[in-house]
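The structure appears below as structure tokens.
Each chain gets a letter, A, B and so on, in the order its sequence line appears, and its residues count up from 1.
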Amino acid sequence: MPSFKNRNKALYLRLKNYSFKLFRMQLSEQELLRRQKCQELRALGIDPFPAELFPLTHHSETAKRTFEKQEDKPEVAPLTVALAGRLMSFRIQGSASFAEIQDEQGRIQLYFRRDDLCPGEDKTFYNTVFKKLLDIGDIIGVNGYLFRTQLGEITLHVTSFKLLTKALRPLPIVKEAKDEAGNTITYDAFSDAETRYRQRYVDLIVNPQVREVFRKRTRLVNVMRRYLDALGYLEVETPILQPLYGGAAARPFKTHHNTLDMTLYLRIANELYLKRLIVGGYDGVYEFSKDFRNEGMSRFHNPEFTQIELYVAYKDYDWMMNLVEEMVEQIALELHGQTTVRVGENDINFARPWKRLTMFEAIAHYTGIDISAMDENELRKTAEKLGVETDASMGKGKLIDEIFGLHCERKLIQPTFITDYPVEMSPLAKKHRSKAGLVERFEAICNGKEICNAFSELNDPIDQRERFESQVELGMRGDEEAMTLDEDFLRALEYGMPPTAGLGIGIDRLSMIMTNQQSIQDVLFFPQMRPEKKAQIASVTDFKALGVAEMYVPIIQKLGLLTIEDFKKATPSKLHNDLCGMRKKMKLEAVPNPTREEVENWLRG
RNA sequence: GAUUUCGUAGCUCAGCUGGUAGAGCAAUACACUUUUAAUGUAUGGGUCCCGGGUUCGAAUCCCGGCGAAAUCACCA
């Protein structure tokens with residue numbers, strides 16, 4: 001707005017100043033101060049966000065370990081290192097100070113001495129830059145040599161340091177101490193689940209145990225990958241955007257492809273694609289697959305989650321049970337150095353072999369009732385007697401499943417294979433080789449929850465078509481989770497799929513167990529959350545769009561009308577009145593009062 | 001989806017039957033050369049989630065909304 005500027009530069013500057021002050025009003029005192037410190041650093045010729053690289057020699061832990069090895073060899077020169085990390089604490093004592101930085105490996109204490117950092121007359125670098133202009137949260141690089149303090153802590157005597165990144169927001173301060181028994185006591189833990197999930201970066205900075213959980217999760221995946229690669233199986237990738245969704249009973253997310261002008265679904269499983277690859281001639285394929293299910297959220301359910309699915313030709317579900325046992329046992333050993341893992345109140349032992357029960361045996365064991373020979377009527381009566389809520393739509397399979405879910409699943413703490421499921425619940429599993437009405441399927445249950453699901457895969461295309469068709473019927477009756485009929489998958493089966501064993505393991509669920517976390521949100525970096533709702537602060541441009549002259553904006557903001565929504569809700573007479581009043585209060589004599597008509601036009605615009 | 005609980009300073013939390021908003025840590029200022037949640041003294045910091053209602057008066061009581069957690073149901 002140059003003409004306006006030229007005509008009344010003083011006024012313009014004054015208005016700018018008001019806008020600036022208003023902007024600052026939204027920042028906390030500590031944030032303002034840190035911005036100010038940036039300016040002071042620049043004035044001293046220090047860039048708070050320098051570009052050049054900072055060469056590191058070590059990380060905190062490796063530096064300490066290296067020091068320990070040569071500590072009692074006086075003939076070796078002191079270990080000099082260059083480290084970088086985030087400042088996590090300060091203990092300033094006049095012309096000497098202790099601080100801690102945290103890098104990827106952990107923390108190391110730093111010792112600063114004024115006369116080392118500022119050997120000459122000018123003590124600015126210590127007194128001002130270090131003591132006044134650095135804050136907890138800033139990232140610095142340090143050079144120096146390691147020594148051990150009188151209290152025995154390995155410490156870096158800093159000979160020079162460089163600010164690498166200024167942090168403009170204050171971090172939560174979490175402090176730890178040891179009591180007489182040597183237990184760590186945490187003070188002011190950053191524990192609010194919502195903030196931790198929404199700002200995971202802060203959670204990771206201040207909660208080292210959280211960083212460790214995610215390291216374990218990655219190691220868990222790596223163990224599986226190594227194990228399967230060693231068996232010669234091929235890690236593959238299959239489509240996430242699928243024209244038909246299948247392979248599981250779940251409601252999908254739906255999206256649209258513009259060029260093809262077609263509906264696509266985010267995958268709920270990758271099973272049908274992996275089996276196509278078995279048809280194609282690979283003997284073993286697996287994929288760590290992000291799947292998406294448009295269903296409820298809870299501490300066990302996130303809309304996107306990770307599964308590994310594995311398919312191996314010429315094998316059956318018995319063989320697959322052995323693989324699962326061995327692979328999961330290896331995970332426990334790798335992560336914990338033993339087969340026993342503490343989960344909540346329980347010690348869970350993953351040592352092979354795991355207990356194996358058929359579903360009927362499990363029900364007989366926990367309810368004392370043998371249901372294996374019952375028909376649907378008897379089953380329904382038994383279910384009701386056992387406290388299962390039934391309705392007419394529930395068939396044999398569903399009834400059995402409900403009884404199992406209510407009376408058995410949550411009682412199975414130690415890893416246990418449950419085998420031989422009713423055929424109605426498993427449209428992709430092969431009929432049992434000897435037991436009518438059942439399929440060759442197993443789940444591993446652990447800590448009262450399913451951790452895997454596997455079967456001898458159905459490879460009879462005619463049987464598969466019938467199972468799909470009955471699913472389609474369920475769908476027409478309103479079951480939103482029923483599977484759709486995938487013609488191309490059937491076509492693939494018609495070319496012949498070898499007998500195949502298939503497996504799915506929920507990586508998130510297994511990670512929860514292996515890291516002793518109560519919520520799936522604690523093993524996902526960025527769990528799905530409702531959007532943060534924050535009032536959108538209107539800019540000068542937003543107000544101008546309504547026809548409000550720039551000179552009125554600071555007055556409107558001063559009135560507390562920060563969002564267009566609030567502004568629009570104002571009544572013309574009151575707004576006009578307040579505006580004129582505030583103009584006077586702010587002593588903006590050069591700004592003319594708007595007319596009542598103008599104000600009405602803004603609110604209409 | 002249902003029920004219960006919660007939302008107060010940068011963080012962790014007090015705040016009683018309604019009466020001017022509090023503590024510790026963090027921040028700011030001063031002191032302090034090996035500290036360990038460093039310490040001492042002083043100072044500043046708030047849309048009490050949002051919107052209504054009751055009331056002379058609401059962080060507090062009531063209603064509605066938003067967000068979160070726990071339990072239950074479904075699902076991996």
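Taking every heavy atom of residues 400-417 of chain A and every atom of RNA chain B, pairs under 4.0 Å involve A/E402, A/R410, by number.
Under the rule for a salt bridge (Lys or Arg N to Asp or Glu O under 4.0 Å), A/R410 has no partner lying at least two apart in sequence or in another chain. In this view, A/F525 and A/R200, A/L204, A/F214 satisfy the side-chain contact (heavy atoms from CB on, under 4.5 Å) rule, not counting sequence neighbours. Considering only residues two or more places apart in sequence or on other chains, A/E40 meets the salt bridge (Lys or Arg N to Asp or Glu O under 4.0 Å) condition with none of them.
Atom CD of A/Q521 is separated from atom P of B/G67 by 15 Å (rounded to the nearest Å). One interatomic measurement links the two molecules: CE of A/M425 to C1' of B/C74, which rounds to 12 Å at whole-angstrom precision. Atom CE in A/M529 sits about 16 Å away from atom P in B/C66, given to the nearest Å. Taking atom CD1 of A/I108 as the reference point, atom C1' of B/U36 lies 15 Å away to the nearest angstrom. The nearest whole Å value for the distance from the CD1 atom in A/I101 to the P atom in B/U36 is 21 Å. Taking atom NZ of A/K449 as the reference point, atom C1' of B/A76 lies 9 Å away to the nearest angstrom. A straight line from CG of A/L33 to P of B/U43 spans 19 Å, rounded to a whole angstrom.
Nucleotide B/U47 forms no Watson-Crick or G-U wobble pair with any nucleotide shown, as no partner meets the under 3.5 Å limit on both distances. Look at B/G40: its Watson-Crick or wobble partner, with both distances under 3.5 angstrom, is B/C30. Checking B/C11 for Watson-Crick or G-U wobble geometry (two distances, each under 3.5 Å) identifies B/G24 as its partner. Base pairing of B/A59 is not made with any nucleotide, judged by Watson-Crick or G-U wobble geometry with both donor-acceptor distances under 3.5 Å. For B/C72, the paired nucleotide is B/G1, the pair qualifying as Watson-Crick or G-U wobble because both relevant distances are below 3.5 Å.
In this structure, the separation between CD1 on A/I92 and CZ on A/F112 is 9.5 Å, given to the nearest 0.5 Å. Atom CG in A/L146 sits 11.5 Å away from atom CD in A/Q109 (nearest 0.5 Å).
Between A/R91 and B/A38 there is a side-chain polar atom (N or O) within less than 4.0 angstrom of OP1 or OP2. Between B/G67 and A/R530, a contact under 4.0 Å exists linking OP1 or OP2 to a side-chain N or O. Distances shorter than 4.0 Å separate none of the side-chain N or O atoms of A/K398 from OP1 or OP2 on B/C74.
Between the base of B/U35 and the side chain of A/E153 there is no donor-acceptor pair shorter than 3.5 Å.
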Give me the distances for all protein-to-nucleotides 8-12 of chain B N/O pairs that come in under 3.5 Å?
unit_1, atom_1, unit_2, atom_2, d
B/U12, OP1, A/D192, N, 3.4

Restricting both atoms to N or O, compile the protein contacts to nucleotides 31-34 of chain B shorter than 3.5 Å, with distance only.
unit_1, atom_1, unit_2, atom_2, d
B/C32, N3, A/G94, N, 3.4
B/C32, N4, A/G94, N, 3.4
B/U33, O4, A/D115, OD2, 3.4
B/U34, O2', A/Q150, OE1, 3.2

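A cation-pi contact, defined as under 6.0 Å to the ring centre and within 45° of the axis, is absent between A/K131 and A/Y126.
Distances were taken from every side-chain heavy atom of A/D135 (C-beta onward) to each of B/G67, B/A27, B/U35; the shortest belongs to B/A27.
Mapping A/G152 and A/R299 onto RNA chain B via the closest heavy atom, the residue that lands nearer the 5' end is A/G152.
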